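Before any comments, here is the structure.
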Amino acid sequence: MARQTDSDTDRILRPRPTRARTSDLLPPGSNGHLNGRAKSTPNYIETGGSRAATPLPENAPPSLHSISSARKAARATAKKRLFHTIKYEPRTSHFDPRSEYRDFRGFFVLFWMGLGIMVVTTALRNIKETGYPLRAHVYELLSRNVVSLAIADGLMVLSITASLPFQTLFRRSKGFLQWRNAGKWIQSLYQVIWLFIWVEWPFLLEWTWTAQVFFALHTLTFLMKMHSYAFYNGHLSETERRLHELDTPERGASMDKAVIYPRAPSRLREISSDESSESDQTEEEAKKKREALEELRNDLATELTSPMGNVTFPQNLTLHNFADYVLCPTLCYELEYPRTPHIRWSEVLWKTLAVFGCIFLMTVVSEEFITPILADATIRLKRSDFISDKALILAESISLMLFPFMIEFLLTFLVIWEYALGAFAELSCFADRHFYSDWWNCEDWLEFSREWNIPVYNFLKRHVFFATRSFAGTQLAMVMTFLISSLGHELIMGCISKKLRGYGMFAMMLQLPIVAIQRSSYTGYIPAWEIELPTPVLKVLGARRSAAMVLDRDVA
């Protein structure tokens, strides 16, 4: 395929920042620019998510003038937000044919050729032994509970819609039900009850472990979606309330500095209050106070406006916006996202077929290379009386399953982050396809956890790490981030074994000392981005030095 040289492709991002080769991700009417910025128009304010502009009247309140200025400023410069903002850009995935990682696709094709040979060989062996090309034990396991699973999954997704009327109620409330008062606690209580109900549901219906794992993963996904939607909009409702209070500052509106919640690495300039008494103010001090008031208004108005400058809170509190967010393959809510011009239905069809193809291959691998080993090991363990014999059987069984488990891991990665999320991205015209990075090049566990699952990483960074660090410091925020992730993994392990044994949580938390060892003086590896662990751990492991934990390479 010939390389395209059109200037319109200059700003489309591949997984690493270089020029991509396609203009398919350009939004309509962008004239070669993907950031969605529009020319400044004096005294105009856009409504809804469209680009239509409505002129502001001369006697409009200062808050509306501030919002209008903020929209223009947002298009001109992507100003940092008080609430940590995830930077969404039109990007392709690594395995997309349009990516500049296309030279890697030879190994990608070789991988599928190897799996194709495996399927043919397995089918021939099964025909020889049983007269049928495929065995059906795992298929029977997967086909159970399909109807009840679909109904429960639909009800579960529908139940998170309660966040929309909650946010509308909290925004309109003038007293106890405001977000900063009871609102956040009501939302948090609803999330806890919601999670308990839907986690317990498969156990009550006695589903198979495969249905339980799928449902648990989907439940955790929508819990994160609901949390991000509620807490970001709650933050915006308090920002809007404070901005409107500044329309009449003489009534005692707060002039405190603009507090960042949660604290982001790059923060807006803090606005300090003028504490001098009214009688002692000079003309110069009064002028500084007016400038500080205007700058504070602009900062708050910028917070209420999307980075692309087309949507302003509360215009996003609609059922259409919420449904669009549910379909978008992201866990972090934003007022708007970069979009593709149209849906490529051929791409949707191809990715949908790939999803079912990967599930078929995963089933074949489980049926032929994992289930027989487990069945044989179970029988041998029951017949063995000595601990040494049992240990040998376990070691042999684990070694035999390492390769098929590796194949299952790769197929799971592809079916979720390349095909399923890619299909939903096409259906929702979601332009940022950066769902994973080159995790196969990672040099330690921390880098791997950051690269292989970008959506979850962004959620944990935004809603756990920065939220905790704003009041507890970097070290505790790091531990809390790993703890939340560990609890999620333990829940999935509990769905498989029907018991909570702590294996998944222990394995996840074990990454902290492993990372410390990987970056200690014993290994001689200290990367440019480092991790700050508790001082006793660093002393025991002999780490050379430590810096503030970096969850992303662009965080200083």
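Note that the coordinates shown come from a computational prediction; the quantities given were computed from them, not determined experimentally. The figures that follow rest on heavy atoms only: side chains count, while hydrogens, waters and symmetry mates do not.
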Report yes if the side chains of [X] and [Y] come closer than 4.5 Å at any heavy-atom pair, otherwise no.
X	Y	answer
L164	N233	no
E368	R125	yes
I343	C429	yes
M480	R469	no
E426	R433	yes
N441	E451	no
L414	F111	yes

> Relative to each other, are the rings of F435 and F430 parallel, tilted or perpendicular (30° and 60° limits)?
Replying inline: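 F435 vs F430 ring planes: parallel.
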Sub-3.5 Å donor-acceptor pair from the side chain of [X] to the main-chain atoms of [Y], do we have one?
X	Y	result
T340	A431	no
S384	F386	no
S228	M224	no
Q167	G234	yes
Y325	K225	yes
S159	M156	yes

> For K351 and A423, which heavy atoms make the closest approach, and how far apart are they?
Replying inline: CD-N, 3.5 Å
> Would H218 and F214 count as a close aromatic pair, with their ring centres under 6.0 Å?
Replying inline: yes
>> Checking H489 against M493 for the side chain to side chain contact (heavy atoms under 4.5 Å, CB included) test, could you report, in this order, the C-alpha distance in whole Å, the side-chain angles of both residues, the deciding distance, and whether it holds?
In response: CA-CA 6 Å; H489 285 77; M493 292 295 296; 5.6 Å; no
>> Applying the ring-ring contact (aromatic ring centres under 6.0 Å, His included) criterion to F409, which one of W417, W439, F403, W440 satisfies it?
In response: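 With F409 as partner, W417, W439, F403, W440 yield a single ring-ring contact (aromatic ring centres under 6.0 Å, His included), made by W439.
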>> Enumerate the salt bridge (Lys or Arg N to Asp or Glu O under 4.0 Å) contacts for residues 396-405, please, sequence neighbours excluded, ordered by first and then second residue.
In response: R380-E396
>> Using the ring pair (Phe, Tyr, Trp, His ring centres under 6.0 Å) criterion, which residues pair with F322? Sequence neighbours excluded.
In response: Y229
>> Could you walk me through whether L427 and W345 satisfy the side chain to side chain contact (heavy atoms under 4.5 Å, CB included) test, starting with their C-alpha distance in whole Å, then the side-chain angles of each, then the deciding distance to 0.1 Å, before giving a yes or no?
In response: CA-CA 8 Å; L427 288 172; W345 292 106; 3.7 Å; yes
